[in-house]
Amino acid sequence: MNVILFGPPGVGKGTQGGRLAEAFGLQQVATGDLLRSEVKAGSALGREAKSYMDAGGLVPDAVVVGMIESRLGAGSGLLLDGFPRNVAQAEALASMLASHNERLDRVIFMDADHDQLVQRLSGRRICRDCGRGYHVAFQPPKVEGVCDQCGGALYQRDDDSEQVITRRLAVYEQQTAPLIAYYQEQPAFRRVDGGASLEAVYDALCRAMEE
Ligand code: AMP
């Protein structure tokens, strides 16, 4: 099974995608996470990507398409989180899948309203060691700044600052939202309300996968 999870920043793709991938035996491929690891490692790719990420823009298509290509055809189904991010990437994905005789089984679009997205992104904190996500108001750790799971220090992503959040949401509207029209006539397309509670969204996603 190959699945796309797409929607605006802050809608919960990463959090929900991790749970779904585990429940359905898929490999979660989150281009944002892969790019952040490259930045952290200081690789040439990471150095190229960093300026785009810091500004809230998209990293060039060739870079991210290459990251996906190297993961296709490995035998396990993929849950793509954060890719494709524009129509050119969607077209590249379609031809890569076709060349591996694979297809998209689900394209799930998650949405939530603008104010909710800003609130979620601006309060988001992440564990430096295990990557677990928190929110200062909605899902705080037991001890401020410390991960409940592993005791690691929590940090705020550089691009979760107010100014970059505004830019990321604008880039989403301009470049990623056109994917709704691109995919919505396909039988694999499903829409899920990402504005509900964590559990309600997860249940709706499971239904969208199983239908
Ligand atoms: P995310 O973790 O999905 O919010 O992604 C963080 C940042 O990584 C984005 O703001 C982009 O700069 C970059 N990025 C992630 N996925 C893609 C993609 N498919 N195409 C271009 N840039 C991406």
Side-chain angles (χ1 to χ4, degrees), residues 1-24 26-36 53 56-59 61 64 67-68 77-94 104-124 126 131 133 135 138-139 157 159-160 164-211:
M1 203 175 183
N2 292 305
V3 179
I4 290 176
L5 208 53
F6 83 103
V11 78
K13 300 183 294 291
T15 310
Q16 300 286 358
R19 279 183 78 179
L20 271 193
E22 204 177 313
F24 288 84
L26 302 172
Q27 186 196 341
Q28 182 183 19
V29 178
T31 40
D33 288 346
L34 295 175
L35 289 166
R36 277 184 291 279
M53 296 171 78
L58 296 187
V59 171
D61 293 342
V64 283
M67 296 174 99
I68 299 294
L78 300 184
L79 184 143
L80 299 175
D81 151 8
F83 179 93
R85 217 54 167 230
N86 59 27
V87 171
Q89 293 181 14
E91 286 170 345
L93 176 64
L104 283 175
D105 301 280
R106 283 289 178 274
V107 177
I108 304 177
F109 168 54
M110 298 170 70
D111 204 8
D113 72 50
H114 183 273
D115 291 351
Q116 206 173 4
L117 296 170
V118 173
Q119 228 180 8
R120 285 187 185 175
L121 289 167
S122 55
R124 179 158 76 173
I126 300 154
H135 188 281
F138 310 139
Q139 213 190 336
R157 269 170 54 172
D159 61 351
D160 281 343
V164 185
I165 288 171
T166 305
R167 168 94 178 115
R168 286 161 66 205
L169 289 170
V171 167
Y172 167 78
E173 286 301 332
Q174 284 161 11
Q175 306 206 39
T176 310
L179 289 179
I180 304 166
Y182 180 87
Y183 283 123
Q184 71 182 353
E185 300 307 327
Q186 297 191 11
F189 185 83
R190 301 286 185 280
R191 185 186 289 258
V192 165
D193 174 15
S197 71
L198 220 67
E199 284 310 311
V201 176
Y202 181 68
D203 289 346
L205 286 168
C206 288
R207 283 197 300 277
M209 293 284 282
E210 284 161 353
E211 266 164 12

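Note that this is a predicted model, so its numbers are computed, not measured.
One finds no salt bridge joining R120 and D160 here, because no Lys/Arg side-chain nitrogen approaches an Asp/Glu carboxylate oxygen to under 4.0 Å.
In this structure the side chain of C206 reaches within 4.5 angstrom of the side chain of F24, judged on heavy atoms. Looking at heavy atoms from C-beta onward, L169 lies out of side-chain contact with R167 at the 4.5 angstrom threshold.
With rounding to the nearest 0.5 angstrom, the CD atom of Q89 is 5.0 Å from the CZ atom of F83. Interatomic distance, L79 CG to N2 CG, rounded to the nearest 0.5 Å: 9.5 Å. H135 NE2 to L198 CG: the interatomic distance, rounded to the nearest 0.5 Å, is 12.0 Å.
In this structure, E22 places its CD atom where only 12 or fewer heavy-atom neighbours from other residues, nucleotides or ligands lie under 6.0 Å away.
Checked against R85 for a side-chain contact (heavy atoms from CB on, under 4.5 Å), the options T176, V64, V59 give a single hit: T176.
The two residues E173 and P178 come nearest to each other via the heavy atoms O-CD, 3.8 Å. Closest approach of G194 and A112 over heavy atoms only: C-CB, 4.1 Å.
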Query raised in the report: Could you walk me through whether I4 and L93 pass the side-chain contact (heavy atoms from CB on, under 4.5 Å) check?
Result: CA-CA 11 Å; I4 290 176; L93 176 64; 3.6 Å; yes
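Here Y183 and F189 keep their ring centres 6.0 angstrom or further from each other.
Annotation: cation-pi geometry not satisfied between R191 and F109 (NZ/CZ under 6.0 angstrom from ring centroid, within 45° of ring axis).
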